[in-house]
Amino acid sequence: MRLSQAERNVLTTTAASAFGHDAVLRLFGSRVDDARRGGDIDLLVETHMTDPAAIAAAHTRFLAAVYARLGEQKIDVLIDFPGRTHQSPIWKIAREQGVVL
């Protein structure tokens with residue numbers, strides 16, 4: 001995994017603060033592979049939140065806090081929540097290949 005322990009700590013504590021302490025955060029994509037270089041940070045957040053406005057606000061809080069602590073970089077965030085009706089293939093990939101932080 002190509003994230004430092006400090007980066008993992010920032011991501012997990014910030015996700016818990018924004019999405020709730022029961023949120024699950026998974027890293028997927030190129031950053032999971034130690035043999036690769038570069039790449040954005042691809043995250044899947046699984047939350048029990050259900051209100052779309054609250055989820056959007058949590059997403060904004062999460063990214064703002066991460067950027068403030070780690071500096072701006074390319075971060076892609078998928079957010080899964082109860083009642084989601086559409087899931088493209090990337091959701092399955094993120095769950096199956098993702099590493100829980």
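Only a predicted model underlies this, so the values are computations on that prediction, with no experimental measurement involved. When a residue number appears, it is its place in the shown sequence, counting from 1.
Under the side chain to side chain contact (heavy atoms under 4.5 Å, CB included) criterion, Phe81 pairs with Thr47, Ile55, Arg84, sequence neighbours left out. For Ala65, the side chain to side chain contact (heavy atoms under 4.5 Å, CB included) criterion is met by Thr14, not counting sequence neighbours. Partners of Gln5 by side chain to side chain donor-acceptor pair (under 3.5 Å), not counting sequence neighbours, listed by chain and number: Arg8, Asn9. Under the rule for a side chain to side chain donor-acceptor pair (under 3.5 Å), the partners of Lys74 that lie at least two apart in sequence or sit in another chain are Asp76. Under the rule for a side chain to side chain donor-acceptor pair (under 3.5 Å), the partners of Glu7 that lie at least two apart in sequence or sit in another chain are Ser4. Among residues two or more places apart in sequence or in another chain, the side chain to side chain contact (heavy atoms under 4.5 Å, CB included) test is passed with Val24 by Arg26, Glu46, Val100. Here Glu72 pairs with nothing under the salt bridge (Lys or Arg N to Asp or Glu O under 4.0 Å) rule; sequence neighbours left out.
In this structure, the separation between NE2 on His48 and CG on Asp80 is 10.5 Å, given to the nearest 0.5 Å. Atom CG of Asp42 and atom CD of Gln97 lie 11.0 Å apart (nearest 0.5 Å). Remark: Leu70 CG to Ile75 CD1 distance equals 6.5 Å, nearest 0.5 Å.
By the criterion of side-chain heavy atoms lying less than 4.5 angstrom apart, applied directly or through intervening Ile, Leu, Val, Met, Phe, Trp or Tyr residues, Val77 is grouped together with Val99 in one hydrophobic cluster. The cluster map of Ile, Leu, Val, Met, Phe, Trp and Tyr, joined by side-chain heavy atoms under 4.5 Å apart, puts Val45 and Ile93 in different clusters. Linking ILVMFWY side-chain heavy atoms closer than 4.5 Å, directly or via other members, places Leu3 and Leu78 in two distinct hydrophobic clusters.
Identified under the side-chain hydrogen bond (donor to acceptor under 3.5 Å, both in side chains) test for residues 50-61, with sequence neighbours left out: none. For residues 12-25, no pair satisfies salt bridge (charged side-chain N to carboxylate O under 4.0 Å, His left out), with sequence neighbours left out.
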Audit row: Leu25, Phe19, side chain to side chain contact (heavy atoms under 4.5 Å, CB included) steps and yes/no: CA-CA 10 Å; Leu25 184 65; Phe19 293 99; over 6 Å; no
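Using a 4.5 Å heavy-atom cutoff, the side chains of Leu43 and Leu101 are in contact. Side-chain contact between Val66 and Arg69: absent, with no pair of heavy atoms (C-beta onward) separated by less than 4.5 Å. At least one side-chain heavy atom of Trp91 sits less than 4.5 Å from a side-chain heavy atom of Leu44. Side-chain atoms of Ile41 and Phe28, non-hydrogen and from C-beta on, never get closer than 4.5 Å to each other.
Shown here for Ala58 and Ala18, the closest heavy-atom pair between the two residues is CB-O, 3.3 Å.
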